[in-house]
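Only one structure is covered here, and it is reproduced in the block below.
Predicted model only: the values in this text are computed from it and were never measured.
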Amino acid sequence: MRIGTLISTGLATLLAASALAGAASAQTAIRLGEPVRGTLSASDPVMEVDGSNYDCYIVSTRAGQSYAIDLTSTEFDTFIGMGPGRACQPPVEQTNDDVSEDNTNSRLIFTSSGGDYFILANSYAAGESGAYRLIVTERGTTTSTAHIPNLERPRDPEDRYEFDMTCSAFGTIGMMELMQGELSDAELQKVLADNYVLITNAEESGAAIGKSSDEVGNEVAGLAAGLLTDPDALTELPPVPTRAACLGASGL
């Protein structure tokens with residue numbers, strides 16, 4: 001699925017605004033929700049176990065909060081290692097190689113005991129190098145520290161539909177992430193009600209250009225499925241804050 005052809009002008013602007021870059025060093029602080037770009041090279045520290053190179057990042061966390069670490073690259077097979085503290089060296093507490101059999105990017109989920117954690121942005125094997133993107137996000141919360149610019153729904157009917165359909169897709173994925181956390185009954189009802197607004201927006205703007213509710217539903221589901229298999233898109237536009245920005249554009 002060509003994600004770029006389905007993302008509206010407003011969300012395409014988010015892609016550019018969210019492409020925050022930072023140079024990796026021996027020990028670099030990483031802020032929640034802000035993508036960092038780095039380059040793995042032969043001059044980086046070496047893992048004794050296999051001779052592969054790594055960059056180290058430090059993230060500050062809250063006890064009991066769940067976090068997702070995503071490491072993506074088109075130039076090498078990524079590998080993540082992490083552990084508590086600021087040691088920046090093995091032993092590590094958790095690791096991840098591949099998101100799936102068909103995806104060599106890496107994703108690691110952990111629940112914090114509190115304080116700082118180190119993250120090793122690593123390659124699967126020795127001798128691999130190249131550019132990568134790393135992001136750490138909170139999971140299961142109604143807010144996020146990721147910065148998504150304010151959005152405005154387009155007036156052109158076709159553009160508005162693309163915007164609303166894309167927001168509905170991100171809303172679905174964001175809702176799934178939020179519901180993985182502990183929500184009160186009131187918070188759950190708010191999440192469901194907000195998603196109903198995004199779906200209704202897509203159905204109404206779709207109807208304005210001759211699309212049926214079924215057609216809209218199928219396109220939203222197709223885009224959401226495509227986004228779930230595209231970690232780069234979800235790295236650039238984290239679902240929960242993107243959903244919140246879409247709701248803001250709807251006046252919520």
Side-chain angles (χ1 to χ4, degrees), residues 1-19 68 70 72 74 99-103 105 107 135 137 139-144 146 148-181 183 187-252:
M1 177 172 292
R2 294 180 300 164
I3 300 300
T5 64
L6 296 175
I7 295 179
S8 67
T9 302
L11 290 178
T13 300
L14 289 185
L15 286 170
S18 298
D70 286 283
T72 62
T74 59
V99 173
S100 67
E101 292 183 358
D102 301 321
N103 188 339
N105 292 309
R107 188 168 219 243
I135 187 170
T137 53
R139 292 166 56 84
T141 60
T142 55
T143 60
S144 171
I148 303 294
N150 292 331
L151 300 180
E152 183 175 346
R153 294 174 74 196
R155 294 187 178 183
D156 176 81
E158 293 281 352
D159 290 343
R160 173 165 284 209
Y161 172 66
E162 290 292 325
F163 179 91
D164 288 342
M165 185 267 294
T166 306
C167 276
S168 186
F170 272 99
T172 299
I173 300 171
M175 178 182 68
M176 292 166 55
E177 290 195 2
L178 289 169
M179 292 177 69
Q180 292 180 24
L183 300 177
E187 288 172 333
L188 177 60
Q189 291 303 314
K190 179 66 164 61
V191 168
L192 296 174
D194 286 347
N195 259 63
Y196 180 76
V197 170
L198 296 178
I199 293 170
T200 300
N201 285 347
E203 290 179 343
E204 290 179 350
S205 57
I209 59 172
K211 291 183 178 288
S212 68
S213 294
D214 286 344
E215 288 177 313
V216 173
N218 288 336
E219 291 189 1
V220 169
L223 177 55
L227 287 166
L228 286 171
T229 61
D230 189 337
D232 285 340
L234 297 184
T235 295
E236 296 287 1
L237 293 176
V240 172
T242 301
R243 175 182 181 273
C246 286
L247 290 168
S250 301
L252 299 180

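Taking every heavy atom of both residues into account, L198 and C167 meet most closely at CD1-O, 3.8 Å. Nearest heavy-atom pair, S168 versus A202, reported as atom, atom and distance to 0.1 Å: CB-CB, 4.2 Å. Here the closest non-hydrogen pair linking I135 and P238 is CD1-CG, 4.2 Å. Nearest heavy atom pair, residue V216 against residue G206, reads CG2-CA, 4.1 Å. Here the closest non-hydrogen pair linking R107 and A68 is NH2-CB, 3.7 Å.
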Verdict with reasoning, D194 to R243, per side chain to side chain contact (heavy atoms under 4.5 Å, CB included): CA-CA 9 Å; D194 286 347; R243 175 182 181 273; 3.4 Å; yes
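For the side-chain contact (heavy atoms from CB on, under 4.5 Å) test, residues two or more places apart in sequence or in another chain that qualify with S212 are D214, E215. Partners of E158 by side-chain contact (heavy atoms from CB on, under 4.5 Å), not counting sequence neighbours, listed by chain and number: D156, I209. Applying the side chain to side chain donor-acceptor pair (under 3.5 Å) rule to N103 yields the partners N105; only residues at least two apart in sequence or on another chain are considered.
Of the possible polar contacts, one joining the R160 side chain to the P154 backbone as a donor-acceptor pair under 3.5 Å is found.
Side-chain contact between V240 and M175: absent, with no pair of heavy atoms (C-beta onward) separated by less than 4.5 Å. Between L192 and Y196 there is no side-chain heavy-atom pair separated by less than 4.5 Å. Here the side chains of R153 and D159 are not in contact, with every heavy-atom distance at 4.5 Å or above. Using a 4.5 Å cut-off on side-chain heavy atoms (C-beta onward), E187 and K190 make no contact. When side chains are defined from C-beta on, V220 does not count as touching I199, because their heavy atoms never get closer than 4.5 Å.
A donor-acceptor contact closer than 3.5 angstrom links the side chains of E219 and Y161. Side-chain atoms of N201 and S250 include a donor-acceptor pair closer than 3.5 Å.
Atoms CZ and SG, from F163 and C246 in turn, are 5.0 Å apart once rounded to the nearest 0.5 Å. Considering CG of N218 and CG of L223, their distance stands at 12.5 Å, rounded to 0.5 Å.
Here the rule is side-chain contact (heavy atoms from CB on, under 4.5 Å) with T242, and of I173, L237, L247 only L237 fits it.
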